[in-house]
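Below is one structure; the comments refer to it alone.
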Amino acid sequence: MYLWKQLVLAVSVLPKTLGQNVLDLSGDGWTVRSKALNISVPGHVPSQVHLDLLAANVIDDPYYGLNDFNLRWIADSNWTYTSKPINGLLRNSKSSWLVFNGLDTFTTIEFCGQFIGTTDNQFRQYTFDISNALKHCNGSPIVSLEFGSATKIANAIAADPNSQKWPSGVQGTFEFPNRWYIRKEQSDLGWDWGPAFSPAGPWQNIYLVQSEREEYLYILNTGFDIYRKGQINHLAPDQSQPWVVNASIDYLGSPPRHPSMSIEIMDLESGKVLKSGPLSNVILSGQTITGTTIVDADAPSLWWPTGMGKQSMYNVTVTIQNKSQKLASVTRRTGFRTIFLNRSKITAEQLAQGIAPGANWHFEVNGHEFYAKGSNFIPPDAFWPRVTETKMQRLFDAVVAGNQNMLRVWASGAYLPDFMYDLADERGVLLWSEFQFGDALYPTDQPFLDNVAPEVIYNVRRVNHHPSLALWAGGNEIESLMLPIAKQHDPTSYPRFVGDYEHLFISLILPLVYENSRSISYMPSSTNNGFLEVNLSAPVPMAERYDNGTDAKGHYYGDTDYYNYDSSVAFDFTSYPVNRFANEFGYHSMPSLQTWQQAIDDKDLHFNSSTIMLRNHHYPPNGPDTHSYKRSSAGMAEMTLAVERYYPIPSKQDSVANFSAWCHATQLFQADMYKSEIQFYRRGSGMPERQLGALYWQLEDIWQAPTWAGIEYDGRWKVLHYAARDIFQPIIVSPFWDYSTGDLSIYVTSDLWETAHGTVKLTWTDLSGKPIPGNAGTPFTKSFSVGALNTTSIYETNVAKLYLPNTKDAILVIDLTAHGRLPNAKSKTLTMFTHRNYFTPVFPKDLALKNPELKLSHDVQSGAFTVKARSAVSLYTWLDYPAGVVGYFEDNSFSLLPGEKRTLRFVVQKDETEGKWVDRVTVRSLWDQTTKT
């Protein structure tokens with residue numbers, strides 16, 4: 001059963017309240033058919049065609065082998081979902097409506113054999129009055145939904161001579177073309193990390209709503225907004241001001257003649273009522289009723305992101321009355337916080353502190369700057385109805401365990417369901433959210449804009465009450481990538497391209513965000529150089545700064561995304577962009593052997609098998625070609641070269657073991673590169689760029705394939721997620737080695753909000769663990785103080801000046817111990833922080849590695865595993881676990897000196913082995929990459 005959440009399977013009659021009869025049409029009892037293909041199978045809601053065909057054994061698992069290509073016939077066909085006869089209808093109701101929370105995408109709707117309407121937007125909520133159709137229903141009351149082929153419809157729109165056109169080469173086609181014409185999940189038509197299934201179906205719930213009297217209300221959506229008095233989206237809120245709670249409710253039904261609203265705000269932890277009573281300024285506008293109340297400035301406990309304080313939550317219940325009669329009531333869980341994207345000019349005070357001229361580009365929560373640590377979130381499945389709350393709980397737990405406080409919810413997927421914002425609220429994970437436009441130029445004809453506007457309004461209002469919501473961005477890489485590409489291809493038309501961009505993302509979307517939320521900042525594109533001014537009365541209310549305005553090296557006005565697939569400069573930190581914030585960066589790697597075995601035959605378990613190559617969509621086919629080996633091989637070659645340049649090349653006798661070692665090697669490179677880059681960006685918090693954010697690409701996988709992800713499709717952590725967890729700790733010590741000059745510098749970086757103090761121990765040994773005489777001329781310890789959100793240099797040298805008998809047989813182990821106060825810590829007791837890093841004066845492939853003779857033991861009573869290095873330094877010590885269990889070790893891919901041991905636990909998130917997995921845990925190190933067995 002494929003469900004958005006766990007729902008009642010049969011058509012159910014929900015309790016009658018306030019003169020309503022609400023029928024939930026979700027669950028079983030539907031039929032899916034294609035007349036042209038002569039296929040008919042049982043259907044479900046929510047679902048999509050691929051899932052129902054899979055459940056009926058008409059197709060194999062869409063994720064297996066090359067089924068993303070072999071099943072294209074499904075996307076090319078029309079499909080009809082038909083309900084069973086609906087029981088429980090009121091034949092004498094005053095009005096009857098069908099409410100669709102999500103149809104994907106082009107739908108013709110019939111009820112009782114009568115045409116009701118059409119849809120053409122996956123992201124909108126639709127309502128249709130079926131009162132007349134029900135009155136004239138002679139047969140069984142049945143809902144019929146015919147879904148047209150989105151790929152064919154997109155092509156038909158593109159072929160229309162009246163459709164907007166762009167020069168050849170401007171638009172970003174991945175597999176299916178013309179996605180920018182349709183309001184469907186853009187990655188459904190292909191991306192460089194996922195398949196192109198272009199699914200169709202009722203992907204969210206369906207309700208049939210009836211009224212027994214003239215005056216009734218059925219709540220469709222809410223727009224709860226909590227902000228500081230006087231707050232406006234692009235300006236820093238005054239933290240001394242009282243809170244405004246604006247409750248706005250969209251409803252179905254007749255407007256009340258004498259409307260009033262009341263509110264109760266209850267602390268979920270204590271159960272105490274923070275505020276109750278009538279709302280003021282009650283306004284009816286169309287099918288929306290709005291009222292406000294004021295809460296004293298310091299009355300509520302604040303909601304904070306993880307690592308910065310508690311996630312204090314409140315239930316806000318709003319009731320709508322007509323005179324004394326209660327018409328409807330709705331409760332939303334929320335929190336009191338301000339979140340602000342500061343893009344203001346650098347002040348004189350900041351200049352005096354050594355910050356480079358330009359503009360800020362960082363987030364502030366409850367008036368505090370903080371370092372945003374995290375990654376980019378993509379659709380976790382090609383088929384949203386099988387994205388369960390249980391699986392997403394595991395993912396968000398991994399985010400928090402990974403020391404991440406922010407996810408960028410990438411454009412070109414889908415707007416996240418409320419339960420995922422709920423999970424983020426509970427765990428303190430901020431969600432930078434984006435409207436679903438990416439890597440394309442979009443139409444600006446009036447029908448397209450008229451379709452986008454309700455999509456924006458619905459989703460802004462739907463999720464605005466969640467304190468985890470951090471930002472709205474118009475789309476992905478449009479300003480930083482697509483406009484420059486368009487300018488290169490057609491310079492004469494560039495002003496028109498910019499005008500269209502501003503028309504959609506600034507003149508249309510920005511006012512809609514501002515009208516529905518005072519609490520959330522907005523920017524037109526994910527990567528930009530900030531704005532020059534905001535004039536909400538102007539036709540283009542936000543004037544973008546399209547150029548960096550400084551030297552090409554320093555992005556002192558904005559954020560950056562950065563990809564460089566020339567692995568020869570992967571660890572040259574002088575090549576990384578100097579920016580205020582890094583919102584995308586990365587390099588792809590292979591998933592583990594266990595994950596590959598979920599999706600491909602054993603015969604294909606070698607690095608360049610045709611199946612693996614074609615599942616690698618970097619680089620994408622750039623069209624519907626399903627066997628683009630040339631483009632795929634380029635991406636495979638990038639991973640291969642990266643390993644060969646820096647790591648021991650696996651050469652094991654067993655072919656599957658060799659394949660597994662190669663997969664692991666690509667993950668080592670990926671993790672080390674991200675670590676290098678994150679260290680560089682975090683160091684920038686104390687540099688002139690005042691860098692305050694690093695969100696790498698990407699958090700998780702949509703399927704089993706080579707991608708940029710740190711977490712594989714079933715939840716298994718790659719080396720990357722462990723490395724990011726380590727380097728996202730509050731206080732870290734980092735070596736910076738310029739291998740072209742030999743210069744070595746070591747920095748301590750802190751994202752605490754107060755000064756921290758500590759000591760760094762520097763220990764040179766050879767790879768057998770013997771101390772290098774005189775510690776190679778390096779001091780054994782260095783004391784430090786590091787300021788709030790800052791960095792400090794503790795040691796500088798040149799490798800040539802060190803007394804190293806053999807650079808290939810040397811390692812500098814760097815151990816930090818520090819004391820500092822966590823943000824918002826109530827106790828004056830200092831917290832102790834530790835961090836280990838290391839440096840080798842040659843790359844791993846050139847090290848004179850020795851067998852560390854690792855010993856692994858498991859304590860049955862405590863569940864802990866202990867790893868000990870007995871004879872040599874163990875680098876990249878890696879504990880692996882078998883298929884059938886999902887979870888993570890408390891640490892992994894760490895270093896051990898001879899005689900050292902680490903005791904750690906495995907956090908079990910899901911176990912299908914009845915605990916037998918513990919007997920198959922293994923350990924290896926970089927040394928094992930060099931062996932034949």
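This structure is a prediction, so every number in the text was calculated from the model and none was measured. When reading the values below, keep in mind they use all heavy atoms of this one structure, side chains included, and skip hydrogens, waters and symmetry mates.
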Original post:
In this structure, which one of Q698, H721, E700, Q404 forms a side-chain contact (heavy atoms from CB on, under 4.5 Å) with S375?
Top reply: Q404
Original post:
Out of S198, P199, P385, which one pairs with D104 under the side-chain contact (heavy atoms from CB on, under 4.5 Å) rule?
Top reply: P199
With distance as the sole test, does [X] use its side chain to make a donor-acceptor pair with the main-chain N or O of [Y] at under 3.5 Å?
X: S26; Y: P46; answer: no
X: S468; Y: L430; answer: no
X: S187; Y: G190; answer: no
X: N616; Y: I612; answer: no
X: T306; Y: V429; answer: no
X: K373; Y: F728; answer: yes
X: Q48; Y: G201; answer: no
X: R725; Y: A401; answer: yes
X: Q125; Y: F100; answer: no
X: D381; Y: R386; answer: no

Pairing residues for [X] by the side chain to side chain contact (heavy atoms under 4.5 Å, CB included) criterion, not counting sequence neighbours:
X: D397; result: R427, Q909
X: T611; result: L66, I600, D604, S609, R615
X: S412; result: Q186, W191, W410
X: S676; result: F571, Y576

Subject >> Counterpart residues, salt bridge (Lys or Arg N to Asp or Glu O under 4.0 Å), relative to R462 (two or more places apart) >> reply: D418
Please give me the minimum heavy-atom distance between [X] and [Y], naming the atom from each residue.
X: G710; Y: L720; answer: CA-CD2, 3.6 Å
X: F197; Y: D68; answer: CE2-CA, 3.4 Å
X: R179; Y: L189; answer: CB-CD2, 3.8 Å
X: N78; Y: G148; answer: OD1-CA, 3.4 Å

Subject >> Check against side chain to side chain contact (heavy atoms under 4.5 Å, CB included), Y442 and Y181 >> reply: CA-CA 7 Å; Y442 286 85; Y181 286 108; over 6 Å; no
Distance-only side-chain donor-acceptor flag, [X] / [Y], under 3.5 Å:
X: W432; Y: E434; result: yes
X: N101; Y: N205; result: no
X: T388; Y: T390; result: no
X: E584; Y: N376; result: no
X: D672; Y: Y647; result: yes
X: D701; Y: T707; result: yes
X: E712; Y: T595; result: yes
X: K718; Y: S592; result: no
X: R124; Y: N451; result: yes
X: D561; Y: N583; result: no
X: T666; Y: S589; result: no
X: H617; Y: D192; result: no
X: S628; Y: Y619; result: no
X: D61; Y: N67; result: no

Among [options], exactly one meets ring-ring contact (aromatic ring centres under 6.0 Å, His included) together with [X]. Which residue is that?
X: F585; options: Y681, W708, Y563; answer: Y681
X: F147; options: W79, Y81, F106; answer: Y81
X: Y722; options: Y888, Y876, W878; answer: W878
X: Y587; options: Y674, W697, F669, Y696; answer: F669

Original post:
Can you list the steps and then say if S526 with E477 is a side-chain hydrogen bond (donor to acceptor under 3.5 Å, both in side chains)?
Top reply: CA-CA 6 Å; S526 60; E477 295 181 328; over 6 Å; no
Can you confirm if the aromatic rings of [Y] and [X] lie within a centre distance of less than 6.0 Å?
X: Y713; Y: Y63; answer: yes
X: F435; Y: F123; answer: no
X: H618; Y: W193; answer: no
X: W917; Y: F906; answer: yes

Pairing of [X] and [Y] as salt bridge, 4.0 angstrom limit:
X: K910; Y: E912; result: yes
X: K152; Y: D76; result: no
X: R72; Y: E175; result: yes

**OP:** Decide yes or no on side chain to side chain contact (heavy atoms under 4.5 Å, CB included) for W30 and L145, but give the supporting numbers first.
**Re:** CA-CA 10 Å; W30 292 75; L145 310 171; 4.1 Å; yes
Original post:
Roughly how far apart are N459 CG and S433 OG, rounded to 0.5 Å?
Top reply: 10.0 Å
**OP:** Name all residues meeting the ring pair (Phe, Tyr, Trp, His ring centres under 6.0 Å) criterion together with F607; count only those two or more places apart in sequence or in a different chain, and write none if there are none.
**Re:** W662
Find out whether [X] and [Y] are in side-chain contact, i.e. whether some heavy atom of one side chain is under 4.5 Å from a heavy atom of the other.
X: L593; Y: H664; answer: no
X: Q122; Y: D188; answer: yes
X: V399; Y: R394; answer: no

**OP:** Could you give me the CA-CA distance, side-chain angles and deciding distance for Y415 and Y458, then say whether ring pair (Phe, Tyr, Trp, His ring centres under 6.0 Å) is met?
**Re:** CA-CA 11 Å; Y415 302 95; Y458 171 63; 8.6 Å; no
